[in-house]
*Asks:* 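This is the structure I want to talk about, given as structure tokens.
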Amino acid sequence: MKYTKDEVMQFCVEEDVKFVRLAFCDVFGRQKNISILADELPRAFEYGITIDGSAISGFGGEVHSDLLLHPDCDTLCVLPWRPEHGKVVRMYCSITYPDSRPFECDTRAVLIKAVKEAEKAGYDFRFGAEQEFYLFKLDENDEPTDIPYDNATYMDLAPQDRGENIRREICLTLEQMGIKPESSHHEEGPGQNEIDFRYSDPLTAADNVMTFQTVVNTVAKRNGLYADFTAKPLENLPGNGFHINFSVSSQRESNVMPYTIAGVLDKAVDMTAFLNPTEKSYERLGNNKAPKYVSWSSENRSQLVRIPAAYGEYKRAELRSPDPTVNPYIGFALIIYAGLYGIENRLELPYVADFNLFTANEEQLAKFKKLPSTLGEARNIALQSEFIKKHIPEKILEILK
């Protein structure tokens, strides 16, 4: 919903809002926030709220460390798990230096820039997120264990699926916050769950990813559990995927999706360090349906890009390599830029892989480029990529070195 600054302040008065959380994301995809009293909103809108950037990993050193948070009115949202009287609301923020210059490590701004460039070129991108997570039990000291909450398997029902009520609570909480989940179910791993979202514009989709993880963590904790979004929580069992569904439309051209997909495939290796940013990410790739090769098909889930069976407005492509440790703002921005590269250069789709890559022979696999097998390899490729250098600020790239 679109709000003006005056409407936000009026809402806070009428709805008995006492605290405002100003949220932002660090370079590594971790959500941060600072809480202010609602009375401080006029100052926040006029000047911004100061934070110490040197205390945030990836935001720079101690020299010139002051940064300012500027709330985005359109992201106003009540946190339903906080008190009914003396409510708490949250807004996502842009980040600047004290002289109003944009802060280079503001990854939300990176995505905003990508969206504007796509719109200027005449293309409208849409994203839908499918995130997986494990639910683990806590020990007697309230610390996480590696004991799954249940031993159910893919799409099992209760009582085998003990996460059913947790997912229900998560979905209802999200709905209260104006976010509509599309579906939810138990995944293949013990204690593993998945909740999928409806399509939306890139910035809203990325904001919703951050909100979703906060809600899952909050609901899990409230139920005496721990939610794990890491890429490979349990050895030899399915990892957590973050399948990114994307589509693009244009008023000038009837079907640009083949070029878009070709662009994403062409830049997939270059983007891997950002789509799979942890060591554990590479334990997941190539196992339990997580892709290992640069490939596409509509036939099966061993591919990097899959074209799901869907029609009309639901027609889309699914990128299957990312995991939930990705910074969604950077991830979505790179997908947009890769798609634009494919469109602008009229790239043709490569050889289609209408077979299972996990059971294919060496001769078949030799036709396909591999994704990086380690984080170090992925980082080296990214640092040498002209595509990455063009679209990711130098200050962010320095973190990879």
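FYI, the numbering just counts along the sequence from 1.
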*Asks:* Should Thr107 and Ile396 count as side-chain neighbours, where that means a heavy-atom distance under 4.5 Å?
*Replies:* yes
*Asks:* Mind listing the closest non-hydrogen atom pair of Ser247 and Tyr199 along with its distance?
*Replies:* OG-CE2, 3.1 Å
*Asks:* Could you walk me through whether Glu194 and Arg167 pass the salt bridge (charged side-chain N to carboxylate O under 4.0 Å, His left out) test, one step at a time?
*Replies:* CA-CA 8 Å; Glu194 178 178 315; Arg167 294 195 304 275; over 6 Å; no
*Asks:* Can the ring centres of Phe59 and Phe103 be said to be less than 6.0 Å apart?
*Replies:* yes
*Asks:* Please determine whether a side-chain nitrogen of the Lys or Arg among Asp16 and Lys87 lies less than 4.0 Å from a carboxylate oxygen of the Asp or Glu.
*Replies:* no
*Asks:* Here's one to test your reading of the geometry: is the NZ or CZ of Lys32 within 45 degrees of the ring axis of Phe24 and under 6.0 Å from its centre?
*Replies:*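 No, Lys32 and Phe24 do not form such a contact.
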*Asks:* I'd like to know if Arg101 pairs up with Asp99 as an ion pair, taking the criterion as any Lys NZ or Arg NE/NH1/NH2 lying under 4.0 Å from an Asp or Glu carboxylate oxygen.
*Replies:*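 Counted as a salt bridge, because a side-chain N and a carboxylate O are separated by less than 4.0 Å.
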*Asks:* So, Lys280 and Asp323, do they make that salt bridge, N to O below 4.0 Å?
*Replies:* no
*Asks:* Quick check for you: to the nearest 0.5 Å, what is the distance between Cys77 atom SG and Gln176 atom CD?
*Replies:* 9.5 Å
*Asks:* Let me have the donor-acceptor pairs involving side chains of residues 135-143, under 3.5 Å, with sequence neighbours excluded, atom names and distances please.
*Replies:*
unit_1	atom_1	unit_2	atom_2	d
Asp139	OD1	Asn141	N	2.8
Asp139	OD1	Asp142	N	3.1
Asp139	OD1	Glu143	N	2.9
Asp142	OD2	Lys221	NZ	2.9

*Asks:* Between Tyr259 and Arg346, is there a cation-pi geometry (under 6.0 Å to ring centre, at most 45° from the normal)?
*Replies:* yes
*Asks:* Is Phe19 atom CZ crowded by more than 12 heavy atoms from other residues, nucleotides or ligands, each under 6.0 Å away?
*Replies:*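 No, CZ of Phe19 has 12 or fewer neighbouring heavy atoms, counting only those of other groups under 6.0 Å.
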*Asks:* Go through the steps to decide whether Glu119 and Lys116 satisfy the test salt bridge (charged side-chain N to carboxylate O under 4.0 Å, His left out), and finish with yes or no.
*Replies:* CA-CA 5 Å; Glu119 290 174 346; Lys116 287 181 178 177; over 6 Å; no
*Asks:* Quick check with a 6.0 Å cut-off and a 45 degree axis cone: is Arg379 positioned over the face of Phe274's six-membered ring?
*Replies:*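 Relative to the ring axis of Phe274, which defines the angle, Arg379 lies outside at least one limit.
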*Asks:* Would the number of heavy atoms belonging to other residues, nucleotides or ligands and lying under 6.0 Å from CD of Gln251 be above 12?
*Replies:*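 No - once you tally the heavy atoms of other residues, nucleotides and ligands closer than 6.0 Å, there are 12 at most.
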*Asks:* Listed by chain and number, what are the salt bridge (Lys or Arg N to Asp or Glu O under 4.0 Å) partners of Glu40, not counting sequence neighbours?
*Replies:*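 Expected list: Arg43.
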*Asks:* Please answer whether the main-chain N or O of Thr75 pairs with a side-chain N or O of Arg90 as donor and acceptor at a distance below 3.5 Å.
*Replies:* yes
*Asks:* Check for me whether Lys267 meets the cation-pi criterion with Tyr341, that is, NZ or CZ under 6.0 Å from the six-membered ring centre and within 45 degrees of the ring axis.
*Replies:* yes
*Asks:* Could you check, using the six-membered ring where one of them is a Trp, whether Tyr134 and Tyr226 have ring centers closer than 6.0 angstrom?
*Replies:* no
*Asks:* Does the pair Phe125 and Phe246 meet the rule for a ring-ring contact (aromatic ring centres under 6.0 Å, His included), with working shown?
*Replies:* CA-CA 7 Å; Phe125 282 79; Phe246 63 94; 7.7 Å; no
*Asks:* Is there a donor in the side chain of Ser385 and an acceptor in the side chain of Asp270, or the other way round, less than 3.5 Å apart?
*Replies:* yes
*Asks:* I'd like to know if Glu169 pairs up with Arg222 as an ion pair, taking the criterion as any Lys NZ or Arg NE/NH1/NH2 lying under 4.0 Å from an Asp or Glu carboxylate oxygen.
*Replies:* yes
*Asks:* Under the criterion salt bridge (charged side-chain N to carboxylate O under 4.0 Å, His left out), I'd like the reasoning laid out for Glu7 against Lys2: C-alpha separation, chi angles, the key distance, then a yes or no.
*Replies:* CA-CA 9 Å; Glu7 287 171 338; Lys2 300 289 184 182; over 6 Å; no
*Asks:* For Phe127, enumerate each residue passing the ring pair (Phe, Tyr, Trp, His ring centres under 6.0 Å) test, keeping only those at least two apart in sequence or located in another chain.
*Replies:* Phe332
*Asks:* So, are Arg198 and Glu182 salt-bridged, with charged N and O less than 4.0 Å apart?
*Replies:*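 Judged by the 4.0 Å cut-off on N to carboxylate O distance, Arg198 and Glu182 do not form a salt bridge.
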*Asks:* For the atom pair CZ (Phe28) and OG1 (Thr278), what is the distance rounded to the nearest 0.5 Å?
*Replies:* 12.0 Å
*Asks:* Apply salt bridge (charged side-chain N to carboxylate O under 4.0 Å, His left out) to Glu398 and Lys395, showing your working.
*Replies:* CA-CA 5 Å; Glu398 287 175 2; Lys395 274 188 173 291; 5.3 Å; no
*Asks:* With a 6.0 Å cut-off (strictly less than), is the heavy-atom count around NZ of Lys180, excluding the residue itself, greater than 12?
*Replies:*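 Not buried by this count: 12 neighbours or fewer within 6.0 Å.
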